[in-house]
Amino acid sequence: MSLYKQEKLAGWGNYPVSESYVLPVRDAGDVAGALERGTLIARGLGRSYGDQAVNDHCYVGDCTKLNRFLAWDAAEGILECEAGVSLEEIITVFAPRGWLPMICPGTKFVTIGGAIANDIHGKAHHIDGSFANCVLSFTILLADGRVLTASRTEHADLFQANFGGLGLLGVILTARLQLRKVETTYFKQQSIKIRDLDHMLEALDSYDADYNYSVAWIDALAKGPKLGSGVLTLGNAAQLADLPPSLRKEPLKLHKNSKLTVPFFLPSFTLNNVTVRVLNRVIAFVQNSSKTFIHYEKFFFPLDAIHHWNRGYGKRGFVQYQFVIPETNGRQHLAEILTMIAQSGCTPFLNVFKRMGEGQGILSFPFKGYTLAIDFPVSKALFAFTPKLDAKVLAAGGRLYLGKDALLTETMFKAMYPQYEEWVAVKRKYDPEGKFSSNIGRRLGLIGTSTLHA
Ligand SMILES: Cc1cc2nc3c(=O)[nH]c(=O)nc-3n(C[C@H](O)[C@H](O)[C@H](O)COP(=O)(O)OP(=O)(O)OC[C@H]3O[C@@H](n4cnc5c(N)ncnc54)[C@H](O)[C@@H]3O)c2cc1C
């Protein structure tokens, strides 16, 4: 078994921090050795915001060394790779050949294992669905040491339960993925300044038929007649013939590696309602770009321009609160939720609003409706506020994204995801002793307690 390193480990939000024993995973043997001694959870690039890939006083299997490409079918665009390969690595190798990942979240620094475990979604969820849609099959190492291939026809229950399964069913070792053929790595984009919530929902309705990608930034400090104001960005993949001559010279251009970084945690007082109001104006200006053609890097991953931007929230960390609610009565519920947030005193920042299509895996987050993601710096006020917000989201028929959550209680989770029992039945079938465990798994009552045998 590889040597482990005791580390203070957290998710992207740097909250909560817990002591974990980090073990590099290079093959199935590394995991089997650890499982004889205690519980384990796989970890990718740590871009989940909360306690998804930490395991207090137990093992965390760092899968980022499982990063080999195994096979490539250039005719069909099917890639077989290890699960620690990142979207960034796939883009770097395959974009110049005219292929991009089918589903891109807001950062390219996520692994395939992480993308499956959270069943991630992008700006075209209402058209493309979530990550499950581009996975043909995967291999997974189970608690009893077997490695099974799971797909829609083989061990279909294991396949479905892994999308949104938070890594709690085993360690995904490899996956076969469908990539998307592209003529260029550019997108044709339009930005619309949004006056208020009615305008936002009308704009989404009227432009949805013409654009595959849509995402809005909302000013969550705006109140009264400006409630729901922001900028809506719409886009489609640009065809070669669309591009102006200057871009046509290098239509499959790759991103450059960013050199900008936040080198240390900024002081916690840096972000307050005053600085957020100023930053909101800057975001509104940048988002409302007049450029028609925009490179995938800026279109999909604007936040990747600054490494470690999460340190900007200071050592106290932050929580990303993302919920989805049904479209029925959605306008009224959104107005009430936005008003609660604006009055909470909790400094909402980076608020992203999207429309979602139908959902897939058992514990997958998306369903048809509206989703809003808000970053909140950690504070006492936040701990008092989120239970009220949870109750409001639940009353609206909604639920939270578990891949970002850090605060939900077991009772609230079970009310939001009543189908959890179906998932637990699959967990019992493939991991009856709860060998794969994590902080979020225990917090939400998806497994028993953590154990480490000396
Ligand atoms: C800036 C930013 C923007 C984002 N935008 C979006 C977005 O638009 N849409 C969206 O859906 N998400 C978004 N996310 C969240 C991110 O896509 C997910 O949290 C993703 O799962 C992170 O992948 P990771 O490799 O970092 O996994 P980690 O965070 O390390 O782990 C995530 C989960 O995957 C499991 N896991 C990791 N590897 C394996 C494996 N080999 N086998 C089994 N389980 C495994 C872990 O146990 C854990 O439960 C964003 C995150 C950031 C930081």
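Throughout, numbering of the chain's residues begins at 1 and tracks the sequence. Quantities reported herein were computed from a predicted structural model and do not represent experimental measurements. The basis for the numbers below is simple: all heavy atoms, side chains too, and nothing from hydrogens, waters or symmetry mates. Note that ligands are numbered from 1 as they come in the structure, with each ligand's atoms numbered from 1 the same way.
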Please identify which atoms of ligand 1 are closer than 4.0 Å to at least one heavy atom of Val171.
42 (N)
By number and element, which atoms of ligand 1 are closer than 4.0 Å to a non-hydrogen atom of Asn118?
18 (C), 19 (O), 20 (C), 21 (O), 32 (C), 33 (C)
[X] and [Y]: side-chain donor and acceptor closer than 3.5 Å?
| X | Y | answer |
| --- | --- | --- |
| Asp30 | Tyr4 | no |
| Asn55 | Ser20 | no |
| Ser437 | Arg442 | yes |
| Thr233 | Gln190 | no |
| Thr174 | Thr139 | yes |

Of the backbone atoms (N, CA, C, O) and the side-chain heavy atoms from C-beta on, which set of [X] has a member under 4.0 Å from an atom of ligand 1: side chain, backbone, both, or neither?
| X | result |
| --- | --- |
| Trp309 | side chain |
| Cys63 | side chain |
| Ile172 | both |
| Val110 | both |
| Phe365 | neither |

I'd like to know whether Lys8 forms a salt bridge (charged side-chain N to carboxylate O under 4.0 Å, His left out) with Glu19, so could you lay out the CA-CA distance, the side-chain angles of the two residues, the decisive distance to 0.1 Å, and finally the verdict.
CA-CA 5 Å; Lys8 287 201 183 314; Glu19 199 85 16; 3.0 Å; yes
At the 4.0 Å heavy-atom cut-off, does [X] count as touching ligand 1?
| X | result |
| --- | --- |
| Lys123 | no |
| Cys104 | no |
| Phe301 | no |
| Gly122 | no |

Flag yes if more than 12 heavy atoms outside Glu154 fall under 6.0 Å of its CD atom; otherwise flag no.
yes
Looking at Arg68, I'd like to know if its CZ atom is crowded, meaning that more than 12 non-hydrogen atoms belonging to other residues, nucleotides or ligands lie closer than 6.0 Å.
no
